[in-house]
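Below you'll find the structure, written out as structure tokens, and then a few comments.
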Amino acid sequence: MAVSEEQDYVKHITKMSVDFDKWYTDVVRKAELADYAPIAGTMVLRPLGTATWDAIRRAFDDLIAESGHENWIFPLLIPEDVFMKEAEHVEGFAPEVAWVTRGGKEELAVPLVVRPTSETIIGTIVRKYIQSHRDLPLLTNQWANVVRWEMRTRLFLRSREFYWQEGHTFHATPEDAQSEVLQILDNYREIAEDWLAVPVIPGRKTEVEKFAGAQFTNSIEGMMRDGLALQMGTSHYFGQNFSTAYDIGFTNRENRRELCYTTSWGISWRLIGGLVMAHGDDSGLVMPPRVAPVQAAIVPIFRDEEGRESVSRFLTPITAALKGRVRHRVDWRDSRPGDKYAHWEVRGVPFRIEAGPRDVEAGQVVLVDRLSREKRPVPAARLADRLVDELKAYHEALFERARRFHAEHTTHPQTKQEFRDFFENGNGFAWAAFCDRTECELELKDQLGGVTARNKPFKVDGDFPDRCVWCERAATTVAVFARAY
RNA sequence: CGGGCGGUAGCUUAGCCCGGUAAAGCGCCUGGUUUGGGACCAGGAGAUCGCGAGUUCGAAUCUCGCCCGCCCGACCA
């Protein structure tokens with residue numbers, strides 16, 4: 001049934017087609033994922049957002065545990081002199097660092113920076129645990145909050161304090177470190193695609209976009225429903241940049257001292273913003289089922305106390321069968337069914353189960369999914385099995401929908417004119433031949449209103465011209481261009 | 001950080017220009033009636049008008065400073 005304008009107004013969710021940015025903010029707040037906090041540029045993660053982040057966290061933690069990574073907890077504060085050792089890194093982060101200069105009433109002799117990322121302090125700390133090649137690789141990870149004094153903030157996507165995981169690893173050889181970087185990037189791809197149902201492009205960052213202090217940076221890039229790119233995870237190779245600055249060495253098999261090859265990598269709660277913008281619609285959130293805190297909301301329908309008890313008895317074996325298999329919630333709140341439908345819809349719950357007198361009579365429930373809203377009767381005894389299958393299919397459908405959108409908003413311009421036209425008339429991804437020169441990328445960014453090379457994809461199909469799509473010099477690579485968050 | 005706009009009940013806003021101690025819808029509470037797509041009726045609670053100072057007999061309203069948000073720019077692993 002179509003939703004009237006008046007009802008929309010009551011819900012206070014701006015339509016995506018009217019103003020995408022406003023729609024996004026409305027959804028995040030009305031779905032109660034997160035809200036603004038009273039400190040500029042910071043936010044509070046509400047229970048739905050926290051549960052979603054926890055689900056992502058568990059999924060990734062399991063993945064990296066399998067490959068031998070261990071969680072640590074490192075300090076929040078970094079002494080200035082420790083922070084300042086790697087020049088490029090300092091230059092990249094200095095403008096957005098928050099400082100602690102006082103403890104109680106005393107001015108600190110050495111000011112402390114609130115970590116914007118932890119390469120420097122972790123390097124400083126773990127160097128003493130690394131003596132021999134036998135101590136390598138050392139594979140650390142921490143789940144933490146960091147602070148970056150951003151000028152322009154946005155819920156989940158760019159906040160002054162954010163939660164993430166940062167992995168920091170130390171290796172005996174460049175090959176080992178580089179394969180770590182690739183392996184983690186593939187773990188990130190798995191989180192994005194298999195858990196969040198967002199198709200992504202893995203690739204190598206250009207010099208303009210790489211991490212401050214890295215030799216190279218890899219990323220996965222996803223497309224939001226406004227055609228903008230979102231960097232959903234990055235994985236950096238430092239070579240010996242940090243181990244030189246922080247003197248992180250080991251004794252190799254030849255009994256000679258050598259410096260470690262290091263990496264770092266991170267995903268943040270930005271992924272939640274990503275799933276909102278990749279899947280949401282004018283009714284609110286659409287949660288990917290594998291991370292959805294509630295996968296099925298059960299709405300009991302009854303007229304009186306007797307009816308209530310009858311539905312309750314009917315539901316007892318049903319919820320018992322769902323236990324441990326499907327994350328569900330029975331909505332006994334004292335309000336009308338329609339109100340409950342809307343409640344769970346805004347929150348993006350994949351499935352709704354209606355159970356009323358007619359269902360009790362027939363020994364069935366009515367299953368409704370968030371995407372099609374079609375009502376389908378399911379025998380009560382088969383609900384659990386059915387839902388497990390439906391959740392899988394729902395994930396596939398979501399992923400497929402996002403994949404199709406991504407494909408429909410992707411182009412392969414052959415000429416500079418086609419390239420210009422594409423970005424002057426809208427947004428999306430443009431795969432094009434590229435000279436990979438910084439000057440060229442900066443020029444096109446300037447002239448095309450913020451278009452940048454998101455990355456140079458690892459996998460490129462088809463033929464591309466041998467001239468750069470922008471400067472028309474010899475092309476050395478293929479890059480995906482887009483405006484980005 | 002520069003330019004512009006805004007902040008009034010939990011939410012969305014009116015009132016501000018032209019000063020006289022705050023209003024509506026939604027939400028919330030109680031009772032009744034209802035319940036398969038955001039119900040209805042009646043009653044009720046809820047606001048130091050973002051914070052602070054100033055002008056004034058009197059400030060939501062005028063002035064100044066600060067805080068928070070939005071848009072544009074600069075900036076942005």
Side-chain angles (χ1 to χ4, degrees), chain A residues 1-4 6-14 19 21-22 24-26 29-30 32 35-43 88-97 115-119 146 148-155 157-160 162 164 166 205 207-214 216-219 231-238 264-268 270 283-284 299-305 307-308 311 331 333-346 352-362 365-366 368 373 375 377 445-446 449-450 452 484-485:
Chain A
M1 179 188 265
V3 191
S4 78
E6 195 176 338
Q7 283 172 317
D8 268 355
Y9 180 71
V10 171
K11 284 192 301 191
H12 298 302
I13 293 180
T14 307
D19 184 337
D21 295 347
K22 231 171 164 336
Y24 171 75
T25 304
D26 284 350
R29 301 181 73 189
K30 300 302 167 192
E32 300 183 352
D35 203 355
Y36 296 111
I39 299 92
T42 66
M43 55 183 243
E88 249 186 82
H89 186 71
V90 170
E91 196 188 332
F93 281 101
E96 51 187 77
V97 157
R115 63 183 169 212
T117 179
S118 304
E119 280 76 7
V146 292
R148 297 181 188 181
W149 220 249
E150 301 285 358
M151 282 308 155
R152 197 164 168 188
T153 59
R154 201 140 200 275
L155 292 169
L157 305 183
R158 178 165 290 113
S159 45
R160 284 186 171 170
F162 61 91
W164 73 345
E166 49 179 325
K205 284 289 191 186
E207 285 301 303
V208 174
E209 298 282 325
K210 79 170 190 191
F211 180 82
F216 64 76
T217 290
N218 293 338
S219 75
Q231 177 177 298
M232 296 178 70
T234 49
S235 182
H236 318 287
Y237 174 65
F238 295 130
S264 84
W265 26 274
I267 49 175
S268 76
R270 164 182 267 207
S283 300
V299 178
I301 297 158
F302 50 88
R303 292 172 182 277
D304 49 27
E305 193 50 36
R308 180 192 162 98
V311 178
D331 190 350
R333 290 175 308 142
D334 181 21
S335 66
R336 294 159 60 95
D339 182 52
K340 296 178 183 179
Y341 300 166
H343 176 90
W344 295 108
E345 232 158 63
V346 177
R352 176 174 84 233
I353 291 149
E354 305 174 10
R358 297 204 294 266
D359 302 306
V360 174
E361 182 94 8
V365 295
V366 174
V368 189
R373 292 190 172 92
K375 300 198 175 200
K445 179 179 181 181
D446 181 57
T452 52
Y485 278 101

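Hydrogens, waters and symmetry mates play no part in the numbers below; they use all other heavy atoms, side chains included. First the proteins, then the strands, lettered A, B, ... as listed; each starts at 1.
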Whole angstrom is fine here: how far is it from CG in A:Asp19 over to C1' in B:rG69? 15 Å
Around A:Glu91, counting heavy atoms of other residues, nucleotides and ligands shown, do more than 12 lie under 6.0 Å from its CD? no
Classify A:Glu150 by what it touches in the nucleic acid, base, sugar-phosphate, or nothing, heavy-atom distance under 4.0 Å. sugar-phosphate
Does A:Thr42 offer a backbone N or O that forms a donor-acceptor pair with the side chain of A:Arg160 under 3.5 Å? no
Answer with base, sugar-phosphate or nothing: what part of the nucleic acid does A:Lys340 contact at a heavy-atom distance below 4.0 Å? nothing
Within the 4.0 Å heavy-atom criterion, would you say A:Thr234 contacts the bases, only the backbone, or no part of the nucleic acid? base
Backbone of A:Arg333 reached by a side-chain donor or acceptor of A:Lys340 within 3.5 Å: yes
Residue A:Arg336, side-chain heavy atoms: nucleotide from B:rU35, B:rC76, B:rG37 that is nearest: B:rU35
Establish, yes or no, whether the cationic atom of A:Arg270 lies under 6.0 Å from the six-membered ring centre of A:Phe162 and within 45° of the ring axis. no
Nucleotide nearest A:Arg358 when distance is taken to its side chain, options B:rG69, B:rG36, B:rG37: B:rG36
Touch check for A:Val366, heavy atoms < 4.0 angstrom, all strands: base, sugar-phosphate only, or nothing? base
Is there a donor on the side chain of A:Asp339 or the base of B:rG37 sitting less than 3.5 Å from an acceptor on the other? no
Can we say A:Glu361 and A:Arg358 salt-bridge, meaning some charged N sits less than 4.0 Å from an Asp/Glu carboxylate O? no
When you check the phosphate oxygens OP1 and OP2 of B:rC76, does a side-chain N or O of A:Tyr485 lie under 4.0 Å from one of them? no
For the pair made of CZ in A:Arg29 and P in B:rG69, what is the distance, rounded to whole Å? 10 Å
Proximity to the side chain of A:Ala40 - top-ranked nucleotide from B:rG69, B:rA77, B:rA39: B:rG69
Please give the distance between the P atoms of B:rC72 and B:rG27 as a whole number of Å. 33 Å
A:Gly92 near the nucleic acid: base, sugar-phosphate alone, or nothing, with a heavy-atom cut-off under 4.0 Å? nothing
State whether a side-chain donor-acceptor pair under 3.5 Å links A:Glu166 with A:Ser118. yes
Work out how far the C1' atom of B:rU63 is from that of B:rG69, and round it to whole angstrom. 23 Å
Taken to the nearest whole Å, CD1/A:Ile13 to C1'/B:rC11 is 13 Å
Any strand, both distances under 3.5 Å, Watson-Crick or G-U wobble: B:rU34 pairs with none
Look through every strand shown and name the nucleotide pairing with B:rA53 as Watson-Crick or G-U wobble, where both distances are under 3.5 Å. B:rU63
Between atom CG in A:Asp26 and atom C1' in B:rC70, what is the gap in whole Å? 12 Å
d(NZ, A:Lys30; C1', B:rC26) in whole Å: 10 Å
When both distances are under 3.5 Å in a Watson-Crick or G-U wobble arrangement, the nucleotide paired with B:rC70 is B:rG4
Pairwise P distance for B:rA24 and B:rC70, with rounding to whole Å: 31 Å
With heavy atoms under 4.0 Å as the rule, sort A:Gly450 into base, sugar-phosphate or nothing. nothing
Rounded to whole Å, how long is the line connecting atom CZ of A:Arg148 with atom C1' of B:rC76? 10 Å
Nearest to the side chain of A:Phe93 - B:rA77, B:rU35, B:rA74? B:rA77
How do A:Thr42 and A:Phe211 order along RNA chain B: which one's closest nucleotide is nearer the 5' end? A:Thr42
Would you say the side chains of A:Ser264 and A:Glu119 form a donor-acceptor pair under 3.5 Å? yes
Out of B:rG37, B:rA77, B:rC72, which nucleotide sits closest to the side chain of A:Trp164? B:rA77
Find the distance A:Tyr36:OH to B:rC68:C1' and express it as a whole number of Å. 10 Å
Can you tell me which nucleotide in B:rC1, B:rG37, B:rU34 comes closest to the side chain of A:Met151? B:rC1
Same-atom distance (P) from B:rU34 to B:rG44, integer angstrom: 24 Å
In whole Å, what separates the P atom of B:rU13 from that of B:rA53? 29 Å
Have a look at A:Pro357 and say if it touches a base, only the backbone sugar-phosphate, or nothing, with a 4.0 Å heavy-atom cut-off. base
For a ring-ring contact (aromatic ring centres under 6.0 Å, His included) with A:His236, tell me which candidate from A:Phe211, A:Trp265, A:Phe216 qualifies. A:Phe211
Can you tell me, in whole Å, how much space there is between the C1' of B:rC16 and that of B:rC5? 16 Å
Note: for A:Thr25 and A:Ile301 on RNA chain B, the residue whose nearest nucleotide lies more 5' is A:Ile301
Distance, C1' atom - from B:rA9 to B:rG46, rounded to whole angstrom: 6 Å
Categorize A:Glu96 for me: base, sugar-phosphate, or nothing, with a 4.0 angstrom heavy-atom threshold over every strand shown. sugar-phosphate
What distance, rounded to whole Å, do you find between the two C1' atoms, one in B:rU8 and one in B:rA22? 8 Å
Given that both distances must come in under 3.5 Å, which nucleotide forms a Watson-Crick or G-U wobble pair with B:rU12? B:rA24
Counting heavy atoms from C-beta on, name the nucleotide in B:rC76, B:rA77, B:rA74 closest to the side chain of A:Arg152. B:rA74
Please give the nucleotide sitting opposite B:rC75 as a Watson-Crick or G-U wobble pair, both distances under 3.5 Å, or none. none
Answer for the Watson-Crick or wobble partner of B:rC18, both distances under 3.5 Å, is none
Rounding to an integer number of Å, can you tell me how far A:Asp35 CG sits from B:rG10 C1'? 11 Å
Counting only heavy atoms from other residues, nucleotides and ligands, does the tally under 6.0 Å from CZ of A:Arg373 exceed 12? yes
